[in-house]
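Report on the structure given below.
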Amino acid sequence: METTDPIAALGSKSIADRAAGCRDLSSVGTVENISDIAALAGADKSPGVRLSAAAAVAHILSRCRVGDARKQLDDDQRDVFVAMFSRIDPALNAGVFPMIATLDRPRSLSIIAGGLRDPRGDLRLGAAVG
């Protein structure tokens with residue numbers, strides 16, 4: 001771990017600390033941490049922190065996709081997260097598409113399909129990754 005308290009690091013004034021907190025939570029974070037991390041993915045001033053936060057959310061959610069682990073999030077909570085993540089402007093952070101994809105909900109596909117049709121190449125690439 002790079003930080004002693006990854007959640008506290010998310011609120012640091014230091015870009016390096018916030019990014020380190022995201023990397024730590026990517027490995028050890030839980031569903032309970034998603035809202036805090038997602039807030040950075042959509043609003044942090046640093047593009048690097050926004051992308052690190054998106055990756056952390058996607059990694060946490062990827063651990064809840066299949067088998068018994070899927071029971072950690074019911075479909076209603078997944079839909080809440082889809083709605084939350086869909087408010088993140090993909091032009092600000094194309095990493096939102098992998099976040100949405102890991103939720104595996106019907107609306108996830110429609111959002112990603114919309115990104116694949118976007119004329120901006122970086123958004124299409126983010127959607128393709130998702």
Original post:
Heavy atoms, side chains only, cut-off 4.5 Å: are T3 and D17 in contact?
Top reply: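 With C-beta onward as the side chain, the pair stays apart.
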**OP:** Indicate yes or no: at least one non-hydrogen side-chain atom of V57 is less than 4.5 angstrom from one of T102.
**Re:**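 No. Closest side-chain heavy atoms not under 4.5 Å.
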Is there a donor-acceptor pair under 3.5 Å between the side chain of [X] and the backbone N or O of [Y]?
| X | Y | value |
| --- | --- | --- |
| R78 | D104 | no |
| R63 | G29 | yes |
| R50 | L92 | yes |
| S86 | V82 | yes |
| D24 | P6 | no |
| S12 | R18 | no |
| S62 | H59 | yes |
| D36 | N33 | no |

Starting from [Y], can I reach [X] by hopping between I/L/V/M/F/W/Y residues whose side chains sit under 4.5 Å apart?
| X | Y | value |
| --- | --- | --- |
| L123 | I100 | no |
| I7 | I34 | yes |
| L10 | L51 | no |
| M84 | V31 | yes |
| I37 | M1 | no |

Closest approach of [X] and [Y], non-hydrogen atoms and distance?
| X | Y | value |
| --- | --- | --- |
| A101 | I112 | CB-CD1, 3.6 Å |
| S35 | F81 | OG-CE2, 4.1 Å |
| F97 | G126 | CB-O, 3.2 Å |
| A38 | F85 | CB-CE2, 3.7 Å |
| A55 | S26 | O-OG, 4.3 Å |
| V96 | A54 | N-CB, 4.5 Å |

Original post:
Is it true that R70 and D75 make a salt bridge, defined as a side-chain N closer than 4.0 Å to a carboxylate O?
Top reply: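 A salt bridge links R70 with D75.
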Original post:
With the threshold set at 4.0 Å, does a side-chain nitrogen-carboxylate oxygen contact exist between D122 and R120?
Top reply: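 Answer for the salt bridge query: no.
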Original post:
For the atom pair OG (S27) and CD1 (I60), what is the distance rounded to the nearest 0.5 Å?
Top reply: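 If we round to the nearest 0.5 Å, S27:OG and I60:CD1 are 9.5 Å apart.
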Original post:
How far does CZ of R105 sit from CD of Q77, to the nearest 0.5 angstrom?
Top reply: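 So the CZ of R105 and the CD of Q77 are separated by 11.5 Å.
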**OP:** Begin with the C-alpha distance, continue with both residues' side-chain angles, and end with the deciding distance and a verdict on side chain to side chain contact (heavy atoms under 4.5 Å, CB included) for D44 and N93.
**Re:** CA-CA 10 Å; D44 198 272; N93 188 352; over 6 Å; no
